[in-house]
> 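Below are the structure tokens for one structure; questions will follow.
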Amino acid sequence: MSRHLPVLLVVVPLMAAPIAALVMRARAAWLVALAASWWAFGVSLALLRRVLAEGVISYELGGWAPPVGIEYRVDEANAFVILIVAAIGAIVVPFARQSVEAEVSEDRGALFYSAFILCLTGLLGIAVTGDVFNVFVFLEISSLSAYALIALGPDRRALTASYQYLILGSVGATFIVIGIGLMYVMTGTLNMADLAERLPAVSGTRTIPVAFTFLTVGITLKLALFPLHLWLPNAYAYAPSAVTAFIAATATKVAVYLLLRFFFTIFGAAFSFDTMQLDRILMPLALVAILSMSLVAVYQRNVKRLLAYSSVAQIGYMVLGISFASVLGVSAGILHLFNHALIKGALFMALGCVMYRVGSVRLDSMAGLGRAMPWTMAAFVVGGLSLIGVPLTVGFVSKWYLVQAALEQGNWPVAAVVLMGSLLAVVYVWKVVEVAYFGEVSPEAGIREAPLGLLVPTWTLVLANLYFGIDASLTAGVATRAAEVLIGGLP
Amino acid sequence: MSPGALAAFCVLLPVVAAGLVLLFRNAPNVREGATLLMGGATFYHVWALLHYVRDHEESLRFSLVEVVPGVELAFDVEPLGLLFALVASFLWIVTTLYAVGYMRGHHEENQTRFFFFFAVSIAAALGVAFSANLFTLFAFYEVLTLCTFPLVTHHQTEEAKRAGRVYLGILLTTSIAFQLLAIIWTWQLAGTVEFRDGGILAGTATSGVLGAILILYVFGVGKAAVMPFHRWLPAAMVAPTPVSALLHAVAVVKAGVFTVLKVAVYVFGIDLLGTLSATTWLAWVAAATIILGSLVAFRKDNLKARLAYSTISQLSYIVLGALLANEWGIIGGGMHIAMHAFGKITLFFVAGAVMVAAHEKEISRMHGLGRTMPITFAAFFVGSLSIIGLPPAGGSWSKWFLGMGTLEAGQVGLLAVLMVSSLLSLYYLLEVPVKAFFFRPPEGSHHAEGIHEAPLPSLIAIVVTAVATVGLFLWPDLAYELMSMVVSPGVAE
């Protein structure tokens, strides 16, 4: 059985999705989702442990050898991504029980959990597969289920947000499949390792740079790199709280992984950065994202939108690290992928608690919550401090590596921008803190602390923020190894 | 337990105290008693570390965890840190006593929250004192900023909120934009962030680069209130006076100048520091802060504001001491941590006592108050002597050594700055007790007939610190001994 773990990671949740839809009762569907997500988490831990001990895991689907058959290939980079996606899934599903009950109507509950499991499956599939067309298939699975999940939000604007994401996301996915198609035409293979070997021979042609470009645009759209981020703020703001917590912590992270996989493993760092000069595009966009999006976040009155713009800025940090194309830079990017998932997951779940009791996440509705919902707001404060990058939190560890990567290349202005982003984060985080702790809550509203079912998952992620901020040896170690593997080409 | 673990234990004790404060939130006397007890225990254990520092036999380093490869969260006990820890832990006890009188006399709300964050702040200050490397110091430094925020904004008024923004804004901006950059740059160049005798940066880069890093450190340590990053200090005066007294005369500001001294001695090393041109330039920035702080203090009628600017000025004495880059400067600067702490805390205690007992905040309205509150204003007189630098107060010793430091550095101009500042502080500080004792009360004031001093616990605290100020003049030995060990490590005393 352990031999088949890479495929079971995806197959078990995939089978669970229709079961969740069939059981029809929301509570039962939730149980199915719980089982599927916890299964995925367990498998992800086992996979990471095996990869760290034995090296790359290669699995042939159905026993058919690549390049004709589909191969699932797990190295340190995607084992790490699989872990964070599965972990977030395993924590958000328990959170979802009460949160979704409050925000999504009962008759849609089973469909909700079915779509949720499908989304999880899709994301895990993108991360685990070694075949580029398989990537596209799972990308579509995760995207379509995400559109459905977002549309289930309690606010009517969720429909338009979902539609906007659908249009833009489909454009992105189409660009990606065009890129894949062009690569297939020139090399005759869809297997990642095989492509890496065959691409250098044809990279002189006109077709391959065009394929590269289509892929860049498509992936950066999915990644929500400025200026292709327009779908993100509304999608995050109006989706159900559990969906926002899940997607904010996973979807863009998997897109970052795709960036890494295509541009380091398949095309190779030399082609991507020396020939195609990808860093000349990524770095400026990342810097603009960090500064402009943090600034926009400051002026938001809806806290979920505030955090959504913050997420676009944080994606800028990840892409910035990658654009250095050095071991230090790429490991900073991968590390922040993990850390940011923990940070935003915790923050959005805290907001989910607020939504549950208050029914709104507008800034003015949060007045005085520091007293009315002390544990929830304390979780928000710790998550906010992590976002700022206070030492002893994960956010600090990411900044440590990022600034180091910049200084290693003698790049002063970039180091300054990274730190400036932290200062802007102080402003928008403190806006919320001030309202919560200095405002007055009206006693008739009768706001109580959130229930344990919501607080426990939230605080689990908050404590993870602190744990991995104090002892970052595991995460930093794996990120560095992953970066070494990626930059060194295929192992 | 090993001495390093003992240091970690000292940092833990105030955290335990904070827990006890929460536990006994409904029994104020037990709550305050718990704080005093834990304060005593903390001071006792910090004092016990003195023996190990004198011996210098065993390694005192204690590592908690390795955060990222090569960077640990670790504690180490060395003489400068021990001096700071002794001052902070002793004055915690005294200030708690004072706070009991003040908070109750002033009918302050949210006292549990107050004593809770007070205790946590002391833990953070001790963490800074006992840090073994720049990362640990930075971590506790930031914790100190964050957990003093609820204390500064205690009253939760609009004014408090605005002051809190200035406080946090300046301190976090300087620490993230400058100090963190300097630390990561140091890590890049030296391959380590550990504090070592003789520094870690020697020979790692050109003097231009090292000078830039020094500038980043000095301005990055916002808590040292070097101009132009000083505005947080007067803004923080909106806090209840015990907060101003302990944190902004002792713990927070001393953590700042302590960091500057620590970086000067254990990251750069005095020898390297002396070779950089940036050192001289920054010394004059400190000198400017000394003079400008005193000049602004002159114009303030609000007593706490005057004391705030006096503190800004006095902190730059210590920064100057560090930047003189010679032994006398370091010794003088370090000793001033202790001398200024005891002197200034007395002055702040008086300011609070006057607020509680006579409801006055402006100096012009305190004329004649000396007849109603003789002990209080006598203490103010003694504390002032220390700040001015006159015998029989401890501040005279640190001034003396700082003066010697300027001469050894060949900077007579800086000596003149010290003298001018003393003259200015003579006027703006002694004005208070002199007018309190010898002038008639102003029109429309309601000073009580007969003696009407501050509440007793507060009065006891005031007398203790005033007596200690004189005591430090008569027995400066411990402070001198510890600072001598800093400048000549490994030499048997």
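Chain letters run A, B, ... following the sequence lines, proteins first and then strands; every chain starts at 1.
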> Tell me, side chain or backbone of B:Val67 under 4.5 Å from chain A's heavy atoms, or both, or neither?
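Both the backbone and the side chain of B:Val67 come within 4.5 Å of chain A.
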> Please tabulate, for the side chains in residues 115-125 of chain B, all donor-acceptor contacts under 3.5 angstrom to protein atoms that are two or more places apart in sequence or on a different chain.
from	atom 1	to	atom 2	distance (Å)
B:Ser121	OG	B:Phe117	O	2.6

> Between A:Phe396 and chain B, with a heavy-atom cut-off of 4.5 Å, which part of the residue counts as in contact: side chain, backbone, both or neither?
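Answer is side chain: those atoms of A:Phe396 sit under 4.5 Å from chain B.
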> Among B:Ile183, B:Leu172, B:Leu73, B:Leu168, which residue forms the greatest number of heavy-atom pairs with chain A at distances under 4.5 Å?
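Ranked by contacts with chain A, first place is B:Leu168.
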> Is it the side chain or the backbone of B:Phe135 that comes within 4.5 Å of chain A heavy atoms, both, or neither?
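Side chain only.
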> Is A:Leu385 close to chain B through its backbone or its side chain, or both, or neither, when contacts mean heavy atoms under 4.5 Å?
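Only the side chain of A:Leu385 comes within 4.5 Å of chain B.
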> Show me, pair by pair, the donor and acceptor atoms from chain B and chain A that are under 3.5 Å apart.
from	atom 1	to	atom 2	distance (Å)
B:Val67	O	A:Ala472	N	2.8
B:Val67	O	A:Ser473	N	3.3
B:Gln156	NE2	A:Tyr437	O	2.9
B:Arg165	NE	A:Glu434	OE1	3.2
B:Arg165	NE	A:Glu434	OE2	2.7
B:Arg165	NH2	A:Glu434	OE1	2.7
B:Trp187	NE1	A:Gln404	OE1	3.1

> Is it the backbone or the side chain of A:Val390 that comes under 4.5 Å from a heavy atom of chain B, or both, or neither?
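For A:Val390, the side chain is the part near chain B, not the backbone.
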> Tell me the closest heavy-atom pair linking B:Pro69 and A:Ala476, and the distance in Å.
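Residues B:Pro69 and A:Ala476, closest heavy atoms: CD-CB, 4.5 Å.
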> For residues 167-184 of chain B, which residue pairs qualify under salt bridge (Lys or Arg N to Asp or Glu O under 4.0 Å), counting only residues two or more places apart or in two chains?
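Every candidate salt bridge (Lys or Arg N to Asp or Glu O under 4.0 Å) pair involving residues 167-184 of chain B fails, so no pair, neighbours aside, qualifies.
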> Which answer fits B:Leu180, side chain, backbone, both or neither, if we ask what part of it has an atom under 4.5 Å from a heavy atom of chain A?
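Contact with chain A involves the side chain of B:Leu180 alone.
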> Kindly list each side-chain donor-acceptor pair under 3.5 angstrom involving residues 209-216 of chain B, sequence neighbours excluded, with atom names and distances?
none

> In terms of ring plane angle, is the pair B:Phe149 and A:Phe438 parallel, tilted or perpendicular, where the classes change at 30° and 60°?
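Rings of B:Phe149 and A:Phe438: perpendicular, over 60°.
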> To the nearest 0.5 Å, how far apart are CG in A:Leu392 and CZ in B:Phe138?
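The CZ atom of B:Phe138 is 10.5 Å from CG of A:Leu392, to the nearest 0.5 Å.
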> Heavy-atom cut-off 4.5 Å, strictly under: side chain, backbone, both or neither for B:Ile184 against chain A?
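Interface part for B:Ile184: both.
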> For B:Ala177 and A:Leu419, work out which heavy atoms get closest and say how close.
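That would be O-CD1, 3.8 Å.
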> Which region of B:Leu64, side chain (C-beta onward) or backbone (N, CA, C, O), has a non-hydrogen atom less than 4.5 Å from a non-hydrogen atom of chain A, or is it both or neither?
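When you check distances to chain A, no heavy atom of B:Leu64 falls under 4.5 Å.
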